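Contents: one structure, followed by commentary.
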6 protein chains.
Amino acid sequence: MKQVLAIYPGSFDPVTNGHLDLIERGSKLFDRLVVAVLQNLEKDPLFSVPERVEMLREVTRPWANVEVDVFDGLLVEYARRRKAQALLRGIRAISDYEYELQMAMMNRKMEPNIETVFMMPSVKYSYLSSRLVREVARLHGPLKDLVPPLVEERIRAKVT
Amino acid sequence: MKQVLAIYPGSFDPVTNGHLDLIERGSKLFDRLVVAVLQNLEKDPLFSVPERVEMLREVTRPWANVEVDVFDGLLVEYARRRKAQALLRGIRAISDYEYELQMAMMNRKMEPNIETVFMMPSVKYSYLSSRLVREVARLHGPLKDLVPPLVEERIRAKVT
Amino acid sequence: MKQVLAIYPGSFDPVTNGHLDLIERGSKLFDRLVVAVLQNLEKDPLFSVPERVEMLREVTRPWANVEVDVFDGLLVEYARRRKAQALLRGIRAISDYEYELQMAMMNRKMEPNIETVFMMPSVKYSYLSSRLVREVARLHGPLKDLVPPLVEERIRAKVT
Amino acid sequence: MKQVLAIYPGSFDPVTNGHLDLIERGSKLFDRLVVAVLQNLEKDPLFSVPERVEMLREVTRPWANVEVDVFDGLLVEYARRRKAQALLRGIRAISDYEYELQMAMMNRKMEPNIETVFMMPSVKYSYLSSRLVREVARLHGPLKDLVPPLVEERIRAKVT
Amino acid sequence: MKQVLAIYPGSFDPVTNGHLDLIERGSKLFDRLVVAVLQNLEKDPLFSVPERVEMLREVTRPWANVEVDVFDGLLVEYARRRKAQALLRGIRAISDYEYELQMAMMNRKMEPNIETVFMMPSVKYSYLSSRLVREVARLHGPLKDLVPPLVEERIRAKVT
Amino acid sequence: MKQVLAIYPGSFDPVTNGHLDLIERGSKLFDRLVVAVLQNLEKDPLFSVPERVEMLREVTRPWANVEVDVFDGLLVEYARRRKAQALLRGIRAISDYEYELQMAMMNRKMEPNIETVFMMPSVKYSYLSSRLVREVARLHGPLKDLVPPLVEERIRAKVT
């Protein structure tokens with residue numbers, strides 16, 4: 001019997017309904033799913049990494065086999081340390097997809113034993129990205145249906 | 001503990017090294033992988049469906065959790081009958097990808113509980129397709145490295 | 001005051017909910033919208049041209065400024081005859097879009113005074129095409145939400 | 001009789017011949033066309049927003065139903081305030097197109113009653129963008145045929 | 001000193017102004033350029049292979065280093081026989097490009113010493129293809145600017 | 001007899017095995033090939049322009065007809081000054097390709113006598129870019145097979 005651990009890496013600044021949709025789908029296919037927040041030094045984050053982690057923990061509570069973690073450095077090294085067999089990536093648009101394929105090939109080059117697996121979020125989230133959410137948030141546009149209620153609340157507290 | 005059965009559907013006329021590469025990758029992530037040959041009425045097949053199945057059985061023998069089967073009708077209905085949780089698809093080029101996404105969305109619409117999962121074959125097979133193999137075969141071009149030796153042999157017997 | 005007549009050309013074999021969605025959107029922007037069925041000799045149609053026209057008339061009845069017509073020959077010549085200022089096209093996927101741009105450039109070359117205007121159907125129909133509907137129909141798959149009820153009924157009568 | 005107001009939003013830093021081509025095409029299809037300059041805080045603009053507006057007013061003078069305006073905040077909120085029924089966007093390349101579709105879907109999500117309409121500039125401007133114009137200008141390359149003469153003059157005055 | 005022979009393969013049914021534009025560009029970069037007509041058994045050709053060759057010879061007469069030839073079988077085998085160092089291909093749209101890349105990779109796999117080189121036709125021919133020309137011809141649309149005058153004449157004689 | 005000089009422009013920060021692969025291919029087709037380093041003011045370079053030039057000279061030593069140079073300002077003006085007939089560009093992914101086509105069209109507009117010629121690097125380098133190399137370098141990931149040994153050494157010296 002297999003025991004597959006998959007890693008879903010990203011910035012999650014903030015987590016959107018599209019991310020959540022993908023986490024739910026991944027949690028059904030893999031024995032364990034680690035949502036891994038990249039600890040990078042972004043120029044202009046909306047939320048700090050600890051804030052993102054806390055929100056992710058809150059909103060992924062319904063799925064028992066989902067865990068939230070933080071990593072820095074090379075993704076494949078983190079994945080190797082975690083003994084992961086798969087990296088999970090969501091794909092929506094073509095432009096995503098190109099960059100995703102390049103990253104996946106590079107990662108395979110560095111670590112041939114870890115597979116990248118692509119899944120589709122629900123079509124109703126196909127236009128959604130953290131960047132668009134941040135833009136809408138900064139312009140005080142409506143966030144309902146774009147992010148979970150908890151995240152909407154936190155954004156409102158931030159950007160007033 | 002999860003028990004995930006995935007289906008890898010296709011025409012496989014003939015199976016290429018790119019297909020085999022993907023089957024190997026899939027067999028590592030899923031508990032069971034069913035290679036399902038579509039029983040359609042193609043205009044101008046190189047091999048009959050029973051011939052394709054027999055070659056697939058031969059070349060997938062190394063992987064104990066891989067099974068070869070035949071289906072007709074709607075893919076998602078076959079998947080439901082087999083109690084599959086996932087459909088496996090290989091993606092190489094962008095044009096593939098577009099059509100694949102449309103099919104995946106349609107399949108999700110008809111059966112929301114079955115996920116489509118995309119994986120990449122090795123970059124060295126990124127140009128390879130059954131159609132190109134058939135064309136090269138008909139023009140008596142070299143098939144080494146494109147298909148398994150058994151398949152090369154059968155093609156040679158066919159197209160002389 | 002402008003009076004703009006737009007033509008929405010296609011095969012409509014059969015009309016889908018995606019087409020209807022676009023017709024509704026177009027009817028709001030243009031003074032008159034002509035849904036123009038191409039009278040070509042397709043290899044393997046599901047419905048005859050008169051059947052398609054009849055179904056289109058039925059399902060577009062709610063919009064007073066929408067008319068259904070048939071044409072053959074060059075689209076731009078038909079458009080010129082109808083004194084149209086615009087051709088309406090729906091775009092969903094990238095592959096569509098490429099071919100659409102080529103056609104639009106060719107049409108502009110032949111008739112510079114008629115503009116091609118692209119609109120998006122609802123995201124929930126982004127995977128939908130007449131070809132997919134015909135495939136699902138032939139395999140007796142579910143058609144609900146893909147086509148209007150009237151069309152579903154007619155298809156059921158056809159493909160039993 | 002319909003009265004359709006369309007908004008053509010952008011940065012227009014500076015307006016190019018491709019923009020002008022699209023404005024002319026849009027002015028023929030819509031009763032009124034508002035060219036709306038986004039009042040954002042770009043990092044390194046070539047012209048200030050008032051300078052862009054002034055040049056746009058000058059070069060769009062030939063079309064009586066074209067107006068130039070400035071907006072900030074959410075585009076769809078501006079559009080709602082102006083009682084627009086349509087947003088006009090030019091599409092040239094695929095990469096444009098992808099981002100455009102995402103924005104259009106997001107805008108429709110926030111305001112379902114405003115349609116995004118895509119039109120093609122003349123094929124001879126398909127390579128043209130404000131960014132390329134700024135780069136050529138900074139390197140003292142030839143600007144003839146890329147921007148209207150008035151804009152060329154202003155650029156020459158700026159970048160010496 | 002190098003002596004580079006390049007092959008420009010295709011169906012050329014019929015040769016278009018876009019092909020001619022590319023031939024002219026190629027003739028400037030390569031010592032010799034062979035326009036090679038594929039002797040395949042297409043379903044529904046407009047011109048026979050000898051007719052295509054004759055028209056190509058006529059319209060390429062201005063370039064002394066351009067030769068017209070016919071081939072069947074594998075392109076790379078023909079190229080090897082001709083001692084070519086390069087295959088010339090025109091690229092216009094993305095969809096072209098994908099298929100072209102796949103072919104180029106397959107050809108390199110079979111014959112690593114022959115390079116595929118891509119060049120762009122003039123932007124004013126970016127929408128042009130033999131297929132579109134055949135469609136316009138069959139619908140008696142205008143062919144001026146799409147094909148050389150000689151070809152237009154021959155088409156007129158064919159499709160009345 | 002033709003004497004064709006081609007220019008292969010880029011940032012080369014640093015030169016990768018993909019660049020080298022393309023330089024080797026180009027050196028076979030053109031009489032002379034100039035690798036031209038763009039003297040721009042990038043935000044965050046890994047190597048200075050003189051360092052890049054020195055490494056390029058070292059690693060291109062095997063090809064007698066390859067020269068390394070530096071340029072600033074408009075590429076086509078540099079190319080004109082060098083009396084080049086061609087610009088050489090490598091294409092891998094679609095997104096590259098789009099931007100490349102736009103640049104090529106712009107360059108043709110400014111200097112119609114210089115052709116842009118596209119060639120493919122080996123498929124095994126299709127995922128490789130200087131940007132990815134810099135990222136891997138900064139995260140202390142493995143660089144073997146990505147860059148020539150000399151460059152790997154210099155990177156190691158830089159990023160400790």
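This one's a predicted model, so the numbers in the text were calculated from it and none came from an experiment.
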Worksheet item: Do Arg25(C) side-chain atoms and Thr116(D) backbone N/O form a donor-acceptor pair below 3.5 Å?
Response: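 Checking the backbone N and O of Thr116(D) against the side chain of Arg25(C), no donor-acceptor pair under 3.5 Å is found.
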Discussion item. Please report the interatomic distance NZ(Lys28(D)) to CD1(Ile114(C)), rounded to the nearest 0.5 Å.
Written reply: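 Atom-to-atom, Lys28(D):NZ and Ile114(C):CD1 are 11.5 Å apart.
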Worksheet item: How far does OG of Ser27(D) sit from NZ of Lys2(C), to the nearest 0.5 angstrom?
Response: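 Result: 6.0 Å between the selected atoms.
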Practice prompt. Report yes if some heavy atom in the side chain of Glu115(D) is under 4.5 Å from a heavy atom in the side chain of Leu29(C); otherwise report no.
Written response: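 Yes; the side chains approach each other to less than 4.5 Å.
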Fill in: chain D neighbours within residues 76-88 of chain C, where any heavy atom lies under 4.5 Å away
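Near chain D, by residue number: Gln85(C), Ala86(C).
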Practice prompt. Quick one: closest heavy-atom pair of Ala104(C) and Met120(D), and the distance?
Written response: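 Nearest pair, atom of Ala104(C) first, then Met120(D): CB-CE, 3.4 Å.
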Fill in: Non-neighbouring partners of Tyr8(D) that pass ring-ring contact (aromatic ring centres under 6.0 Å, His included), sequence neighbours left out
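Result, ring-ring contact (aromatic ring centres under 6.0 Å, His included) vs Tyr8(D): Phe12(D).
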Item to complete: Select one option (side chain, backbone, both, neither) describing which atoms of Arg89(D) are under 4.5 Å from chain C's heavy atoms.
Response: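 No part of Arg89(D) comes within 4.5 Å of chain C.
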Fill in: Under 4.5 Å from any heavy atom of chain C - which part of Val4(D)
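For Val4(D), the side chain is the part near chain C, not the backbone.
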